[in-house]
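Below is one structure, written out as structure tokens; the observations come after it.
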Amino acid sequence: MTTTAQQGTTRRTPAWCLVGRGTREAVTVVELDADGSELETRDVPSAQWPEHVRHAEEEAGPRWVWSDTATWYPRLLAAGVTVSRCHDLRLIHVILRHSQLVGDAGRLREATAWDAPIDQALEEPARGATLFDLDDSSRSGGVPHALEEARAEFARQRTATDGAADPGRLRLLLAAESAGALVAAELHAAGIPWDVAEHDRILTEALGPRPGTGQTPSRMAEAAAEVRTALGDPMLGIDSPPKLLRALHRAEIDVESTSQWELMEHDHPAIDPLLRYKKMSRLLAANGWAWLEEWVEEGRYRPVYVPGGVVTGRWAASGGGALQIPRQLRPALRADAGWRLVSADVSQLEPRVLAAMSGDRAMAEAGADRDLYSGIVDAGVVETRQEAKVGVLGALYGGTTGDSGRVVPRLRRNFPEAMRLVDDAAATGERGGTVSTWLGRSSPAPEAEWTRAQTGANLPDAAAREQERARRAARDRGRFTRNFVVQGTAAEWALSWLAALRLALARFEPVPETDAATASGPVFAARAHLVFFLHDEVIVHAPAAQAEAAASAILSSADAAGRLLFPGSVVDFPLDLTITERSPTK
DNA sequence: AGGTAGAGCGCG
DNA sequence: AAAGCGCGCTCTACCT
């Protein structure tokens, strides 16, 4: 146990610092030993709280326990303070409440304020605002920020975790989830460096020059005119699917919907301009000039990331469609002068995760040190890389038709352990059961309506229609649980990767702040930092001199994540990594 | 007028 | 070519 001398007395450094809103205008900090016993409690005036945290970080680097990272951490970041680790009570509550690894969840399973769905709009702390300007109901859907409630919840969570079937595994998940919450707040604070001029250039090239308000860009208007001419309907409202569908039928184009994949199968002079129009219309609506004005400020795009926003454990995002930035606009993501973007994505993360979870040696070998799909071809399982890809995706998603349906049986013969794992997960889901990820995040129980339909369909007098509907619902749920175990474990791998990476980057020596990067704020203008995360992909914004070191950190963090989750596994997680000034379109 | 469902399409 | 999983966002149609 580390000790520090302070004012003549010897003090044990805390393993945990539980913080909560205390008395008026103060944050109460309860320092706890590793075993949870209290060392010291103090009130810190809220104005001095960031300084207190900075000091504690330098001294011991405790794990900060707080109600909700999205509430507490932005205030520290705004004051230029980062923390190494935390325990996010809100996110962890959700995991523990549902996890199959937790035998006796006690009161965690009861509906409480900790379960309230949160208002996902992360509020910027107003200038000079303190935690005391927030009452519990003002955001986070009523998650309690007061000390006593946080303390009681933390105790419940510790009991549940200590008594879990595999506490070590679960603790990894809780730590990774919390680290993700820190990353999410940091990504928002730093912002994505966004080149407005480049974005405008891409829009102008694709759509024509920016039109006046309410006007259609010229190239879109031209395509629309071509469509109307080709369909012989000069007044056609192309943006209305029902009207468009009727016009297509009048022109004897036999489609059931107006979606592009169906249109593409037909040969008619209206099709090409229509597809071009749709593409342009989408770009304009989702990421046009209005988007640019709304979302990019001082060269930074700051989406709100929502850790734990997806049942599988993936993040969601709100604000400008952060997870759907079209490839076309990737070049607008550009490093500041003198800085670089270090981009990395994992090749075939989900199938590799499946190989590791199931211990399928043949699948691990197919991916060893190379493209997994090519490896499946080389192993003689299928003829082409495309077949391998479609087959593997079919295995993960539950595809039964077309090429994927044809290839999956071959995968089942060649990769029996991997296929058994996903097939079992599907079977469990079809029965209404619960499945869990590698680290213990469990799937939600079926809706009452789903269960009712299954029970009803089993009654002797059930109508054939009812039975068919119930069977379809069962298969739908089976595909969901099949994918849940893999998608969810891949999310755990990615969180572990992020967690290791942010700690590695935090150890980089600060550089003198450059004018260029000051838009990222006091913490991030002085060293390499994460600016983007998308399921299996990260981008680090780094001073040119730190770019190589950042690349190494990304690689070694991926390695560490693999070893942490799957000790002894032969499965590797290769990255595609580039150092550029401008993000490549790929 | 205002809320919501569905279509459609972007991302992994 | 999509299919089979998970999302968010914008638009229109349709409801109260």
Side-chain angles (χ1 to χ4, degrees), chain A residues 120-121 237-246 255-266 274-275 277-288 290-291 294-295 303-330 345-351 353-354 386-387 389-408 411 422-423 425-426 429 435 437 443-444 472 475-491 493-494 532-538 585-586:
Chain A
Q120 303 188 330
I238 303 178
D239 296 324
S240 160
K243 288 178 189 159
L244 178 58
L245 193 60
R246 282 193 295 271
V255 286
E256 278 179 35
S257 75
T258 64
S259 44
Q260 49 182 347
W261 61 267
E262 208 184 340
L263 291 169
M264 260 179 301
E265 295 177 354
H266 291 79
L274 178 54
L275 291 175
Y277 177 87
K278 279 171 160 281
K279 243 192 154 38
M280 289 188 271
S281 162
R282 163 79 194 188
L283 179 63
L284 178 69
N287 297 98
W291 181 92
E294 186 178 354
W295 292 105
V304 173
Y305 295 90
V306 186
V310 179
V311 279
T312 57
R314 274 188 176 182
W315 289 9
S318 68
L323 307 186
Q324 305 134 259
I325 301 293
R327 293 246 158 243
Q328 194 180 4
L329 283 180
R330 282 299 185 93
D345 67 277
V346 196
S347 314
Q348 305 104 27
L349 175 58
E350 292 192 355
V353 158
L354 174 58
Q386 183 59 18
E387 270 184 304
K389 182 172 179 175
V390 164
V392 167
L393 292 181
L396 298 180
Y397 297 158
T400 53
T401 60
D403 289 348
S404 118
R406 270 198 307 283
V407 177
V408 169
L411 297 180
V422 284
D423 287 345
V435 296
T437 60
S443 62
R472 196 169 58 238
R475 284 195 302 270
D476 287 349
R477 188 159 193 280
R479 285 195 304 276
F480 166 65
T481 51
R482 168 190 293 272
N483 186 244
F484 182 96
V485 294
V486 181
Q487 186 184 119
T489 303
W493 184 94
F532 189 64
F533 168 61
L534 180 53
H535 308 319
D536 63 355
E537 175 183 2
V538 296
T585 315
K586 251 200 283 194

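Protein chains get the first letters and strands the later ones, always in sequence-line order, with residue 1 at the start of each. These values consider heavy atoms only, across backbone and side chains, with no hydrogens, waters or symmetry-generated copies.
- The NZ atom of A:Lys278 sits 13 Å away from the C1' atom of B:dG10 (whole-angstrom rounding).
- Each of B:dC11, B:dG8, C:dT10 was ranked by its minimum atom distance to the side chain of A:Pro326; first place goes to B:dC11.
- The distance from atom CG of A:Asp536 to atom P of B:dC11 is 13 Å, rounded to the nearest whole Å.
- C:dC11 atom C1' lies 11 Å from atom CZ of A:Arg282, rounded to whole Å.
- Note: NZ (A:Lys389) to P (C:dA2) measures 11 Å, nearest angstrom.
- The stretch residues 395-405 of chain A participates, sequence neighbours left out, in these salt bridge (Lys or Arg N to Asp or Glu O under 4.0 Å) pairs: A:Asp403-A:Arg406.
- For A:Asp536, the salt bridge (charged side-chain N to carboxylate O under 4.0 Å, His left out) criterion is met by no residue, not counting sequence neighbours.
- Proximity of a side-chain donor or acceptor of A:Thr400 to a complementary backbone N or O of A:Gly405 within less than 3.5 Å is not detected.
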Polar atoms only, N or O, under 3.5 Å: list the protein pairs with nucleotides 3-5 of chain C and their distances.
{"unit_1": "C:dG4", "atom_1": "O3'", "unit_2": "A:Arg479", "atom_2": "NE", "d": "2.8"}
{"unit_1": "C:dC5", "atom_1": "OP1", "unit_2": "A:Arg479", "atom_2": "NE", "d": "3.0"}
{"unit_1": "C:dC5", "atom_1": "OP1", "unit_2": "A:Arg479", "atom_2": "NH2", "d": "3.1"}

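- Put simply, the side chain of A:Trp295 never gets that close to the backbone of A:Gly319: no donor and acceptor are under 3.5 Å apart.
- Every salt bridge (charged side-chain N to carboxylate O under 4.0 Å, His left out) that A:Arg314 has, sequence neighbours left out, goes to A:Glu350.
- One interatomic measurement links the two molecules: CH2 of A:Trp295 to P of C:dC9, which rounds to 8 Å at whole-angstrom precision.
- Not counting sequence neighbours, A:Asp239 has no partner by the salt bridge (charged side-chain N to carboxylate O under 4.0 Å, His left out) test.
- Within the 4.0 Å cut-off from OP1 or OP2 of B:dG10, at least one side-chain nitrogen or oxygen of A:Gln260 is found.
- With sequence neighbours excluded, the residues that form a side chain to side chain donor-acceptor pair (under 3.5 Å) with A:Glu262 are A:Ser257.
- Glycosidic conformation, C:dG4: syn, with the torsion inside 90° of 0.
- A:Arg479 is linked by a side chain to side chain donor-acceptor pair (under 3.5 Å) to A:Asp476, counting only residues two or more places apart in sequence or in another chain.
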Annotated structure of DNA chain C as dot-bracket, pair cut-off 3.5 Å, Watson-Crick or G-U only, | for inter-strand, is ....||||||||||||
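- For the pair A:Ile325 CD1 and C:dT10 C1', the interatomic distance rounds to 15 Å; values are reported in whole Å.
- Residues meeting the side chain to side chain donor-acceptor pair (under 3.5 Å) test with A:Arg477, sequence neighbours left out: none.
- B:dC11 atom P lies 11 Å from atom CZ of A:Phe532, rounded to whole Å.
- Position along DNA chain C of the nearest nucleotide to A:Gly319 versus A:Met264 favours A:Met264 as the more 5'-ward residue.
- For A:Thr437, the side chain to side chain donor-acceptor pair (under 3.5 Å) partners two or more places apart in sequence, or in a different chain, are A:Glu492.
- A search for salt bridge (charged side-chain N to carboxylate O under 4.0 Å, His left out) contacts involving A:Arg472 returns nothing, not counting sequence neighbours.
- Residue A:Thr258 is classed as a sugar-phosphate contact, given heavy-atom separations below 4.0 Å to backbone atoms only.
- Under the 3.5 Å distance criterion, the side-chain polar atoms of A:Thr489 are left unmatched by any main-chain donor or acceptor of A:Val486.
- Whole-Å rounding puts the A:Phe484 CZ to C:dC7 P distance at 10 Å.
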Nucleotide N/O of nucleotides 13-16 of chain C paired with protein N/O under 3.5 Å:
{"unit_1": "C:dA13", "atom_1": "OP1", "unit_2": "A:Ser240", "atom_2": "OG", "d": "2.5"}

